Amino acid sequence: GQNIDQPTEMTATEGAIVQINCTYQTSGFNGLFWYQQHAGEAPTFLSYNVLDGLEEKGRFSSFLSRSKGYSYLLLKELQMKDSASYLCAGTDSWGKFQFGAGTQVVVTP
Amino acid sequence: DVKVTQSSRYLVKRTGEKVFLECVQDMDHENMFWYRQDPGLGLRLIYFSYDVKMKEKGDIPEGYSVSREKKERFSLILESASTNQTSMYLCASSREAGILTQETQYFGPGTRLLVL
């Protein structure tokens with residue numbers, strides 16, 4: 001496995017920025033996915049990084065450093081609907097996913 | 001839109017019962033996966049399949065088996081349910097990955113199973 005590590009919970013206020021960090025073991029690593037999961041719902045795809053650098057998609061951005069085994073998901077201009085669990089997942093060359101335990105983001109008014 | 005459906009949202013079974021969880025996807029995806037999700041542990045892979053009639057063990061296959069007789073359908077079987085199999089079960093599917101590409105997984109809504 002890739003031992004995906006991410007914080008358990010983060011709290012931020014509406015309109016703020018939150019950065020969720022994710023670290024992984026680089027052995028056998030291929031790429032990194034971020035998913036959003038609202039309570040009681042299925043995870044939905046947010047972003048995918050395979051090369052070093054920043055991928056921006058509207059209010060959400062994801063960064064990857066392959067040499068450091070590190071990624072982050074940046075959520076800007078937080079909205080109440082962004083309250084959810086955010087899952088980091090590393091993949092190997094066979095396409096097998098290893099998920100982190102998820103980071104619960106709580107957005108307060 | 002990709003659609004992954006699971007046969008039940010909630011299921012209550014007794015210890016020792018045989019349990020079938022069904023998953024169907026409508027996008028002709030080659031790959032299908034079964035996970036269980038528990039608080040603090042995240043998603044853990046039980047079994048996956050890259051093609052019809054093919055199956056591979058994931059990280060926690062003990063106590064489970066699977067069946068993939070048709071491309072669109074992937075079934076998870078609990079031969080003799082136990083209380084430690086109480087969990088949320090999520091099915092996912094994806095296209096076949098290329099040499100330099102990865103494909104995202106699309107998840108079903110989940111089945112919350114309670115074993116008494």
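Treat the numbers as computed from the prediction; the structure is a model and nothing was measured. Proteins get letters first, then strands, A, B, ... in listed order; numbering begins at 1 in each.
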Handout entry: Side chain / backbone / both / neither for Arg9(B) at chain A, heavy atoms under 4.5 Å
Key = side chain
Problem - Over 12 foreign heavy atoms within 6.0 Å of CD, Gln79(A) - result: yes
Practice task
Count the heavy atoms of every other residue, nucleotide or ligand shown that sit under 6.0 Å from CZ of Arg112(B), and state whether that count exceeds 12.
Solution key: no
Would a single hydrophobic cluster contain both [Y] and [X], if residues Ile, Leu, Val, Met, Phe, Trp and Tyr are joined by side-chain heavy-atom contacts under 4.5 Å?
| X | Y | answer |
| --- | --- | --- |
| Phe48(B) | Leu87(A) | yes |
| Val24(B) | Tyr106(B) | no |
| Tyr70(A) | Leu51(A) | no |
| Met88(B) | Leu78(B) | no |

Exercise for the section: Kindly indicate, with the supporting measurements, whether the criterion side-chain contact (heavy atoms from CB on, under 4.5 Å) is fulfilled by Lys96(A) and Asp59(B). Expected result: CA-CA 11 Å; Lys96(A) 194 175 157 191; Asp59(B) 299 318; 3.5 Å; yes
Exercise for the section: Considering non-hydrogen atoms only, spot the tightest contact between Pro109(B) and Ala42(A) and give its length. Expected result: CA-CB, 4.1 Å
Practice task
Might you point out which heavy atoms bring Leu43(B) and Pro43(A) nearest each other, and give the distance in Å?
Solution key: CD1-CG, 4.3 Å
Practice task
Please check if the side chain of Tyr35(A) supplies one atom and the backbone of Gln105(B) the other of a donor-acceptor pair under 3.5 Å.
Solution key: yes
Problem - Atom pair OG1/CZ of Thr104(B) and Phe33(A) - distance to nearest 0.5 Å - result: 5.0 Å
Problem - Trace of the side-chain contact (heavy atoms from CB on, under 4.5 Å) decision for Tyr35(B) with Phe97(A) - result: CA-CA 11 Å; Tyr35(B) 295 90; Phe97(A) 281 51; 3.6 Å; yes
Handout entry: chain B contact via Gln37(A) - which portion, at a heavy-atom distance below 4.5 Å
Key = side chain
